Protein chains: 2
Amino acid sequence: MATIKDVAKLAGVAVSTASCALNGDNKVKSSTRLKVLEAAKRLNYQKNGFAMDLKRSSTQTIAVILEGFSGPYFSELLKGVQDITSANRYSLIACSSHGDADSTAIRFLKEKRADGVIVMAYNISDELLLESTREGFPIILLNRHLRGDFIFNVTIDDVLGAKTATDYLIQAGHKEIAFISGPANSQASNHRYIGYKESLKANGLKEQPKWVLPGKFTRTSGYKATKTLILQGNLPTAVFYGNDEMAVGGLKAFEESGIKVPDDISIIGFDDIELAEFTNPPLTTIRQPKYEMGTLAAHLMFQALGGGIVTQDYNLPTELIERESCRTFGDQR
Amino acid sequence: MATIKDVAKLAGVAVSTASCALNGDNKVKSSTRLKVLEAAKRLNYQKNGFAMDLKRSSTQTIAVILEGFSGPYFSELLKGVQDITSANRYSLIACSSHGDADSTAIRFLKEKRADGVIVMAYNISDELLLESTREGFPIILLNRHLRGDFIFNVTIDDVLGAKTATDYLIQAGHKEIAFISGPANSQASNHRYIGYKESLKANGLKEQPKWVLPGKFTRTSGYKATKTLILQGNLPTAVFYGNDEMAVGGLKAFEESGIKVPDDISIIGFDDIELAEFTNPPLTTIRQPKYEMGTLAAHLMFQALGGGIVTQDYNLPTELIERESCRTFGDQR
DNA sequence: CTGTTAGCGCCTTCAT
DNA sequence: ATGAAGGCGCTAACAG
């Protein structure tokens, strides 16, 4: 594993000269540079990036921590982040917090392997986050809220979005609306639940315990929750799924039971994942501005890195996307 | 930015003692350890991972380089890689080669920021790859073949897969079959084209230049290619898309033109992306064993890292997934 | 233009 | 049990 020292020796110059030559500092005669480059090639020399970072005490990279690489919309979000990141000539790396929340993610959070991190994962504890903050190391939280120095939050208005969804159902004549939640430790899920309840209340409807079921934001959990909904008999006329993935699972469960969407039951999701427009029927849902969240998060990152005063909380609006999984107005039982 | 030195000073011990205490070496009296830990907390001390890696000259992480984070089946593949990687107590980080093939990706390829790299991107040149190999730094290439020391290839049998697809169409009675290719620099695309031609030939059919159109493996390119296919009049009875993404684009183009799939035209894709079973009609396609490719790649990585002799080339089989986008046997014009 | 020197933050013998 | 010293590979003054 050749080092710069070996290169310098072989080229017959000092280490610093080699360094300059390798880095294109034009303080070095082109003849010597050539010698150095030649030697480097002969030795198959590769610089050690860590040593460089250590010296420069800046990594020029920002990390994003995801719950898993399979998340429903992480690709669009990452695209947003990536666009801004590369415009700032920074590197972007992604890692998953799945399984071992304590290993990979921690290395980025606590060991200065990045200049800042964007986290979009529920399974990283507030405590760990708080421990990891420090001057000059911004943490941007997505879809999650936590107060702290150098912590910035980009959320969407989950409660309003959920309210919009529920209102939409109610205005279409539904009075019996189930809600399938996400995992208990997800703020997004909790907020969506709140929005659901607020809408019910505002419309004089009562929440029915039998119609709120727990899910986990996964397709399978949506499928299962729907199955138990069906099994327990006495179906509502509509169900609001905490996210699209679960709605997709629900669609499958209904299909298997011969229950027609939207004729027999209306369903609405949340997120507007790519799949949503391809399901059968296409899924009505609440869109999250995923790409924009990504760019905003990255923007905040660089502002914070730049040392400016940065607003700590951003709450982005959602949008109702009407497709065909709900019975339309006037089309009431 | 507190360093271990600060901690040691505050605790009133030597740096090395602090190091031991922090790392749990039980060579240190618990009373001093406590002092050190206390000091570390007070100072909000975080170790610098790079310095550690530099010292230890091993990063315990492997990197995967993707063309972009938006690819259709990266998530499944990454899951495979991730599972093996974390079982080996390594970290996994992903980065994109999009745009600046020269920046982020290069940092991992050439600057020893990872112990090995898995690459799944066409826009990284063979040359760069070859330059980056060195003893103890394995590179695993996915869906791509390159011969070199410390380079391992995991491919699927693209030509056989393509042949299977085309044979399938021919056996269903089709004689006029178009092919939409991927980008010219994609080996996968080229192999699929070869398989297509072989099948044609084996079945006594002639390749028609007007029916092979270039695409880019993106949905949009599939849409456009299909549009020009339609525009040029004289439609074939079937089209084989180089991948599913393009087939999805094609589906849209056909729908817009009122051409019914599979009644008016049969289409088949390649990859079996998640979307494939949700399109309308569900897409018949050739499945790639994505998860398995991921696990295999990671396995090879660790074998190579372990210094054993490792087979350099693996070629995985594909599988025909029959759905509803092709007219079935006997159903000929 | 080139070489010497001194760290970056950490870990690891080797003495004490 | 603890401390002093050297070095990982590189860069950045500062001299020559």
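Below, chain A is the first sequence line, B the second, and so on; all start at residue 1. Please read all numbers here as calculations on a predicted model, not as lab measurements.
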(request) If a pair satisfies ring-ring contact (aromatic ring centres under 6.0 Å, His included) and one of its residues is in residues 5-33 of chain A, list it, with sequence neighbours excluded. (result) none
(request) Just grab all the ring-ring contact (aromatic ring centres under 6.0 Å, His included) pairs involving residues 34-53 of chain B, residues at least two apart or on different chains. (result) A/F50-B/F50
(request) Evaluate the criterion salt bridge (Lys or Arg N to Asp or Glu O under 4.0 Å) for residue pair A/K112 and A/D53; output intermediate values, then yes/no. (result) CA-CA 10 Å; A/K112 306 182 191 170; A/D53 289 345; over 6 Å; no
(request) Walking along DNA chain C from 5' to 3', note the first and the last nucleotide with an atom under 4.0 Å from a heavy atom of chain A, and give both. (result) C/dC1 to C/dG9
(request) If a pair satisfies ring-ring contact (aromatic ring centres under 6.0 Å, His included) and one of its residues is in residues 128-148 of chain A, list it, with sequence neighbours excluded. (result) none
Taking only distance into account, with no hydrogens and no angle test, what donor-acceptor pairs under 3.5 Å do side-chain atoms of residues 2-10 of chain B form with protein atoms, sequence neighbours excluded?
unit_1, atom_1, unit_2, atom_2, d
B/T3, OG1, B/K5, N, 3.0
B/D6, OD2, B/T3, N, 2.8

(request) Write out all pairs satisfying side chain to side chain donor-acceptor pair (under 3.5 Å) with one or both partners inside residues 182-191 of chain A, taking only residues at least two apart or from two chains. (result) none
(request) Identify whether any heavy atom of A/K29 sits under 4.0 Å from a base atom; if not, whether one sits that close to sugar-phosphate; answer base, sugar-phosphate or nothing. (result) sugar-phosphate
(request) Between B/G49 and A/R33, name the one whose nearest nucleotide on DNA chain C is closer to the 5' end. (result) A/R33
(message) Is it true that, when you exclude B/K216 itself, more than 12 heavy atoms of the residues, nucleotides or ligands shown sit nearer than 6.0 Å to its NZ?
(response) no
Which donor-acceptor pairs under 3.5 Å do the side chains of residues 294-312 of chain B make with protein atoms, sequence neighbours left out?
unit_1, atom_1, unit_2, atom_2, d
B/T295, OG1, B/E292, O, 2.9

(request) Using atom CG of A/N48 as one end and atom P of D/dG7 as the other, report the distance to the nearest whole Å. (result) 18 Å
Between the protein and nucleotides 12-16 of chain D, which nitrogen or oxygen pairs are less than 3.5 angstrom apart?
unit_1, atom_1, unit_2, atom_2, d
D/dA12, OP1, A/R56, NH1, 3.1

(request) Could you state the atom-to-atom distance from CG of A/D6 to C1' of D/dC8 in whole Å? (result) 13 Å
(message) Taking the minimum atom-to-atom distance to the side chain of A/I4, which one of D/dT2, D/dT11, D/dC8 wins?
(response) D/dT11
(request) Starting from the 5' end of DNA chain D, give me the residue, B/A51 or B/A14, whose nearest nucleotide shows up first. (result) B/A14
(request) Take atom NZ of B/K35 and atom P of D/dA1, then tell me their distance rounded to the nearest Å. (result) 15 Å
(message) Which residues pass the salt bridge (Lys or Arg N to Asp or Glu O under 4.0 Å) test with A/R134, not counting sequence neighbours?
(response) none
Under 3.5 Å, which donor-acceptor pairs link side chains of residues 11-23 of chain A to any protein atom two or more places apart or in another chain?
unit_1, atom_1, unit_2, atom_2, d
A/N23, OD1, A/K47, NZ, 3.3
A/N23, ND2, A/S19, O, 3.2

(request) Name all pairs fulfilling the ring-ring contact (aromatic ring centres under 6.0 Å, His included) condition that reach into residues 5-26 of chain B, sequence neighbours left out, sorted by first residue then second. (result) none
(message) What is the distance, to the nearest angstrom, from the NZ atom on B/K27 to the P atom on D/dA1?
(response) 9 Å
(message) Between P on D/dG9 and CG on B/L54, what's the gap in Å once rounded to a whole number?
(response) 7 Å
(request) Residues of residues 37-45 of chain A with any non-hydrogen atom less than 4.0 angstrom from an atom of DNA chain C: list those, numerically ordered, please. (result) none
